[in-house]
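First up is the structure itself, then whatever we jot down about it.
To find a chain, count down the sequence lines: A is the first, B the second, and so on, and within it residues start at 1. Note that the structure is a prediction, hence the values are computed from the model and not measured.
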2 protein chains.
Amino acid sequence: MPEQLGAAPAPVAKLIDAFHKLPGIGPKSAQRLTYHMLRIPPEEALALAQAIIELKEKTVLCSVCQNVTESDPCNICRDDARDRAVICVVEEPLDILAVERTRGFHGLYHVLHGVISPMDGVGPEDLKVNELLTRLRGGSVTEVIMATNPNLEGEATSMYISRLLTPMGIRVTRLARGLPMGSDLEYADEVTLSRALENRQDV
Amino acid sequence: MPEQLGAAPAPVAKLIDAFHKLPGIGPKSAQRLTYHMLRIPPEEALALAQAIIELKEKTVLCSVCQNVTESDPCNICRDDARDRAVICVVEEPLDILAVERTRGFHGLYHVLHGVISPMDGVGPEDLKVNELLTRLRGGSVTEVIMATNPNLEGEATSMYISRLLTPMGIRVTRLARGLPMGSDLEYADEVTLSRALENRQDV
């Protein structure tokens, strides 16, 4: 707790401190958020507190796909309309929301809950890789789409997992790299542009 | 709630929504914060929820200075070592922390809880102006320092209150305007620089 908060009442200092611990919230934002909580009606503030409590009390990880869910197995894993032969592997539960928004994928998911990152001491054993292998041993999955983030850790994780899956006779694909829609060639970074060139397609 | 959150479990969507309502938290930040809450241990998440609840349950406004406090009157108003002849008027409780940090002010405070802003429909009757006048009627206060923010609304509010106080024979002062310490003349905005010129001081 910054010492200059000595003049603030304990509950104020405590909440500033708690907000400050959140990612991307600096000391000034933490003060601003706390002051906002002071001003709003109690029921609005308590709604946020209640939402946090319910998030922890009412959600579990789906035992199949490891996504966050209220009921195990999750809605997607239980949905008979979905294609059980394709699994899209993502880093985080929020990535599923992003893919679902496209309305272009109708298979199942698998959440790794992180990426391999030796710098942060995260190895494959810290991820839900074994859970993925167990699912694939059933033999009904024909394709795994690696939808990790297009950065160093994401690519390395994707590479690691595809090496495990290829001997199992499963087709492993990954999301295309190229120019994002609505972007400007002039401002594209070199890596993106060279990937877009390499993977150029017939019109 | 953005419709694309349909795929998220209700407690997740609800918390994203609650975070999104906070000032300065966009939809992406709200998702990131919610996902962070999913990952951290329950006791850490509950600490934030508890801090919010306690902020609302354990704090009141000081009946004298209108600052946020655990006990009424607040520590500053109760402190016999402070100069009761000088009152520093601020917009928000957090401004008191800023002034206290200077360790250069030993008088009392008065929190207006806002500024006069016709655009937002905020008039003097929405601020703690009457409470200030009541305090001053005791006759023991000789100086009121207007420490509102140096912007349009702050200056207008300061002007409005000083017009009420001057006839009462109270000296009304305001914080000096000028170049901030550590700044660069080259990058100073015109208004700040012209104020600094007008209020130039003998070396």
If one checks every heavy atom of A98(A) against chain B at 4.5 Å, the contacting part turns out to be neither
Return the option, out of Q50(B), R39(B), H36(B), with the maximum number of heavy-atom pairs under 4.5 Å with chain A. H36(B)
Just give me the residue among L38(A), I25(A), I40(A) that pairs up with chain B most often, heavy atom to heavy atom, under 4.5 Å. L38(A)
Got V144(B) and V86(B) here, is their nearest side-chain heavy-atom distance under 4.5 Å? no
Close side-chain approach of D95(B) and Y109(B), heavy atoms under 4.5 Å: no
Pick from T148(A), I161(A), T157(A): which one makes a side-chain contact (heavy atoms from CB on, under 4.5 Å) with I116(A)? T157(A)
Chain A: which of R32(B), H113(B), K21(B) shares the most heavy-atom pairs with it under 4.5 Å? R32(B)
Is any NZ, NE, NH1 or NH2 atom of the basic residue among E155(A) and R177(A) found under 4.0 Å from an Asp or Glu carboxylate oxygen of the other? yes
Any side-chain donor-acceptor pair under 3.5 Å between T173(A) and E143(A)? yes
In terms of heavy-atom pairs under 4.5 Å with chain B, which of E92(A), E54(A), E57(A), E44(A) leads? E92(A)
Option that, when pairs with chain A are counted at under 4.5 Å, heavy atom only, ranks first among C74(B), S29(B), A10(B), A47(B): A10(B)
At a 4.5 Å cut-off on heavy atoms, which part of L61(A) comes close to chain B: side chain, backbone, both, or neither? neither
For I53(A), which atoms come within 4.5 Å of any heavy atom of chain B: side chain, backbone, both, or neither? both
Keeping the roles fixed (side chain from S183(B), backbone from L179(B)), state whether a donor-acceptor pair exists under 3.5 Å. no
Does the distance from a Lys or Arg side-chain N to an Asp or Glu carboxylate O, for E100(A) and R82(A), drop under 4.0 Å? yes
Could you look at S71(A) and say if it's the side chain, the backbone, both or neither that has a heavy atom under 4.5 Å from chain B? neither
